[in-house]
Structures are given as structure tokens and as C-alpha cells.
Amino acid sequence: MTYSGGPMTEAMYYVLLALVNPNHGYQLMHSISEVSNERIKMGPGTLYGVLSRMEKDGLISLAEVDGRRKTYEITQEGKVALRTEYNRLKSQIADGKMIEEGENENE
Amino acid sequence: MKMSKSVYKVRPNDYWRIGEHENWFEEMAVKGLYLKKLGKMFATFEKGEPKQMKYRIDISIDRKIPDNQLEMYAESGWEYVTRDKFFYVFSSPVELNAPELHTDSAEQSFTIKKLNQKLMRNAIFTVMATMLIIGMLTAIWFLDGTPIYVLIEGWAIQQTILAAFIGYTAYTSLRATVSIRALRKNLMEGKPINRHATWNKRDRLRSTFVVVFTIVIGLSAVFPIVQLVKMKTETLPEENGNLPIVRLADIERNPDLIREEAEYMNDGVDWANRYSTNWGPFAPVQYDTDEIGIVSGKEWSDGSGQYSPSVHTKVYQLTIPAMADRLITDLVKWHWFDENKEDYVEMNHPNLDRLIVYEDAEMKKVFAAKGKGVIFVRYHGNANVQSIVDEIERKIMLISGSKNLSEKESN
């Protein structure tokens with residue numbers, strides 16, 4: 001599946017977010033937990049799948065190869081996509097404000 | 001004593017059932033048997049201390065799973081164990097509390113996409129190949145309506161067993177495609193792999209059946225080899241020896257009958273006067289002969305030239321005597337050339353189990369069975385049918401099995 005600007009999966013979003021700082025494998029999994037406030041514990045299989053797909057789509061690129069270890073970083077294109085997704089999510093949240101308002105009324 | 005002992009188990013035949021395999025490996029580890037290798041039919045386990053292990057199967061369509069993927073898995077506590085084609089097995093001790101390989105079902109469905117396409121192409125190819133093979137085999141077996149004849153001659157037995165195997169492969173390939181497709185759909189909808197699925201008795205039975213089936217196919221591979229060894233064609237000797245073959249001289253009973261100089265020689269064999277041997281699992285002794293002679297100074301009664309009687313014979317010693325009856329029926333069909341069916345006359349003979357005779361001027365055909373022996377004679381000449389039947393009666397004793405002479409058939 002090539003990324004064509006539609007909504008991202010949660011895994012894609014957090015990997016992009018974590019790759020604002022170049023990172024690799026195990027540490028990347030940690031920083032994903034960090035940026036998601038421990039909410040996301042991404043398995044290595046999911047992470048690998050997301051990385052190889054996003055690399056193909058040009059959202060991230062290899063920053064360094066050290067033996068079997070590959071360090072990735074977000075590309076300009078990735079930054080744009082992340083920004084777009086962020087705005088999309090933000091408006092989603094804004095649109096959902098009525099839920100909280102509804103809750104307040106019931107109290 | 002060896003440190004570790006290997007244990008072989010018949011593995012589930014349905015290689016695509018991921019949850020069931022993972023479960024099975026975990027059950028085995030609890031018994032102290034650690035998966036070491038995963039073959040097409042057997043899994044190898046190594047004996048060790050019983051332990052709670054987690055096993056996960058990951059799919060990679062690449063020729064070899066990338067190193068950095070293995071590295072990433074190892075860093076998270078998942079060690080690569082073995083693979084069966086696209087299915088990679090990883091393990092991790094339960095106490096290590098390693099994270100699941102896949103924490104996102106929708107993402108996992110992408111790993112299956114290419115496999116799904118590959119299996120689909122495979123299935124289409126094998127199903128088409130199977131239909132083609134079935135079509136060809138059906139023609140071989142049934143086009144002439146003589147399946148028993150084809151069975152006895154034994155040309156098509158091995159191909160048929162092989163075709164059954166290819167057919168089974170196509171069936172398996174179809175099931176794999178359907179299952180993987182369903183799995184992908186489930187994952188896309190966020191339903192994870194069912195890790196509580198287990199093998200039932202039927203699955204185990206089927207897997208064992210596949211092993212037995214494969215052994216049968218392996219054994220059947222000797223059929224064509226035996227046939228090649230047993231098949232030979234040689235010039236018929238002038239003297240008969242112990243061959244259970246009806247000879248032209250014995251039918252003609254004319255001292256002036258001589259064999260002409262060979263017209264067509266190939267590989268040192270006179271093909272007008274030859275005998276061929278063949279072998280089949282249902283008829284281990286088979287002869288096929290042609291013979292022709294001339295009588296100088298004698299003419300055909302219609303004046304068409306020098307009298308030159310000929311004989312063609314087929315001889316079978318069957319493994320199962322009960323097949324003789326059907327073989328005769330098929331032989332009649334096989335050697336029937338648009339003649340009037342009523343001219344094939346069923347006769348009673350005190351020394352033969354079955355006797356069918358056809359006669360039209362110089363052309364005579366005799367089909368006879370006794371015990372394990374079946375003989376067909378097609379004769380073109382002036383001698384009468386009775387002399388042919390008498391000769392068959394004499395020769396069929398050598399192969400009928402009723403008088404222990406069967407061992408003497410070769411010279």
C-alpha cells in the first residue's frame with residue numbers, strides 16, 4: 001500500500017513522530033512509548049513493517065547503516081505528511097468537542 | 001551419550017494455520033521438546049528442560065528475511081528458530097515478557113498481502129495443471145472404453161498416482177489461498193490471529209495420510225524403472241524354447257513354412273518376427289509378438305500372391321486372476337475393427353475359463369483365459385481356428401498358475 005495522503009494508521013503516526021529524532025530498532029520502540037506517554041507499546045514486527053513501508057513511500061529515509069543496524073530519520077515529505085495528519089486529527093478532536101459539552105450538560 | 005536428542009513428529013499439513021502451529025510448538029516446549037526444524041511433513045524437536053515458551057510465526061515473502069528485521073526482533077527478545085518457506089518461527093521464554101511481534105492487526109495484514117497474491121497465482125496454476133492432467137489421463141483410461149486393459153498394460157499407473165498427488169496439491173493450495181485471504185481480511189478488520197486454535201484428530205489424521213500418500217508415490221516411482229528394465233524386444237528364435245507364445249509354425253504345421261530374410265532390421269531386431277516383454281504391477285509377465293512366414297510354391301486362394309501367414313499375439317500373466325474376465329472383454333474391444341459384434345463368438349472349452357473366437361475368411365482372432373493366464377492371438381492364414389485354440393490351450397498352461405510352470409517362462 002502506498003501512502004497517498006489519507007488518514008494514517010496509529011502506528012505510522014507514532015513512528016513518524018518518534019523519527020523526528022533519527023533512531024533505530026529497539027530504541028525507537030522506546031521513544032514511541034515515550035512520545036505516546038506509554039500508551040503505545042509497539043511490537044518489533046509492527047515496527048519493522050511500518051518502517052519498511054514508509055521508507056518505500058519516501059516518508060522516512062536511512063540516516064545511517066551500522067552493520068545490521070539501520071538508523072532512520074523523517075524526510076521533508078514525511079514532515080509534511082505528519083503535519084497534515086496532525087491538522088486532520090486536530091480538526092477531528094475539535095469536531096468532537098460536542099461530546100464533552102454533552103457530558104457537561106448531563107451533569 | 002549424545003547431549004541432545006532429536007524427536008521427529010508429523011507436522012500439521014495445513015502450513016498456513018498460524019495460531020495452531022504456535023500453540024503446538026508451545027505445548028511441545030512444555031513437554032521439553034523444542035522446535036528445531038520445520039520440514040514439509042515433519043517437524044524436528046530437540047529434547048531439553050520443560051519450559052514455558054512463546055512461539056510466533058511471522059510471514060516474509062522475501063527470499064531471506066532481512067538481517068535488520070531479525071536484529072530488531074532479537075533486541076525485543078524474539079529469537080529466530082526456523083522457517084518453512086515464507087513462514088518464520090520465532091520463540092521467546094514466557095518469563096522474558098517480550099512484547100508481541102505484532103501489536104497492530106491492520107499493520108500485520110500488510111505482511112500477508114503479497115503472500116496472498118502469491119498463493120492465489122499458485123492455486124490458479126496448480127488447478128489448471130490438474131485439470132489438464134485429469135483430461136489427458138481420462139483420455140488414456142477411458143477413450144477406448146478399455147480401462148482394465150490400460151491398467152494391466154501398466155503405462156498409466158504411475159502417472160495416475162502422480163496426478164492424484166498433483167490434484168491433492170492443487171486442493172491444498174486452494175485451501176491455503178482461501179484461509180490466508182480470510183486471515184488477511186480479519187486482520188484488516190482488527191481481529192487478531194486466533195492463538196487458542198488447536199489441532200483436532202481429523203487434522204492429525206490428514207497429516208498422517210499425506211505422509212503415507214507421499215511414501216506410496218515414492219514407491220510407485222519404481223514402476224517405470226522396473227518397466228524399463230523388463231522391457232526388451234528381440235528377434236523371435238526359430239525354435240520356441242519355453243516361451244508361452246503361440247508360434248506360427250505350430251499353427252501352420254507345414255514343413256515348407258520358412259522365415260524370409262528380414263526386411264526391417266533395427267537394433268539387430270527383425271521387427272516382423274519379434275517378441276517384446278513388458279511388466280506391470282497387475283501383470284508382471286507380458287509378451288507381445290509378431291511373426292510372419294512364407295510357403296514357397298503356395299498362393300493365397302484369392303490369387304493375391306505368395307502365401308504368407310502371419311500371427312500377432314499378446315500374453316499376460318496376471319497378479320489377480322479375477323481380472324482375466326474383464327481383460328478379455330477389453331481386449332476384444334481393443335482389437336475390434338468395426339466388424340459385426342455377433343461374429344465374436346463366446347465358446348465353451350473344458351480346459352479354458354473363457355474363450356472368444358472371431359473368424360472371417362483368413363482372419364482369425366482368439367481370446368482365451370485360464371487362471372492367471374490370458375492369451376490373444378490374431379492370425380492371418382489358412383489354418384483353422386481349432387488349431388489356434390489347441391495351441392493356446394497348450395501354451396496357457398505355462399502361465400495359468402495352475403501347474404507351477406510359471407517360473408520357467410524365460411529362456
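All chains are named by letter (A, B, ...) in the order of the sequence lines, taking the proteins before the strands, and each is independently numbered beginning at 1. FYI, side chains are in, hydrogens and waters are out, and symmetry mates aren't considered; it's all heavy atoms of this structure.
Nearest heavy atom pair, residue A:P44 against residue B:W78, reads CG-CD1, 4.2 Å. Residues B:M72 and A:L51 approach most closely at CE-CD1, 3.5 Å, considering heavy atoms. Nearest approach of B:D104 to A:T46, heavy atoms of both residues: N-OG1, 3.4 Å.
In this structure the side chain of B:F110 never reaches within 4.5 angstrom of the side chain of A:V50, judged on heavy atoms. Within the 4.5 Å cutoff, no side-chain heavy atoms of B:Q69 are placed close to those of A:S52. Using a 4.5 Å heavy-atom cutoff, the side chains of A:E10 and B:E107 are not in contact.
A:L28 does not touch chain B: none of its heavy atoms, backbone or side chain, sits under 4.5 Å away. Contact of B:T111 with chain A is not made at all, since no heavy-atom distance falls under 4.5 Å.
Atoms OH and CG, from A:Y48 and B:D58 in turn, are 10.0 Å apart once rounded to the nearest 0.5 Å. Rounding to the nearest 0.5 Å gives a distance of 9.5 Å between NE2 of A:H30 and CD of B:E75.
In the displayed structure, B:R206 atom CZ is contacted under 6.0 Å by more than 12 heavy atoms of other residues, nucleotides or ligands. No more than 12 heavy atoms of other residues, nucleotides or ligands sit less than 6.0 Å from atom CZ of B:F125. A 6.0 Å sphere centred on CZ of B:F42 holds more than 12 heavy atoms belonging to other residues, nucleotides or ligands. Counting heavy-atom neighbours within 6.0 Å of B:E49 CD, excluding the residue itself, gives a total of 12 or less. Shown here is B:F165, whose CZ atom has no more than 12 heavy atoms of other residues, nucleotides or ligands within 6.0 Å. Heavy-atom contacts from other residues, nucleotides or ligands closer than 6.0 Å to CG of B:L219 number more than 12. Residue B:K40 places its NZ atom among more than 12 non-hydrogen atoms of other residues, nucleotides or ligands, all under 6.0 Å distant. Within a 6.0 Å sphere centred on OH of B:Y168, heavy atoms belonging to other residues, nucleotides or ligands number more than 12.
Most heavy-atom pairs under 4.5 Å with chain A, from the set B:Q108, B:R56, B:E100: that is B:E100.
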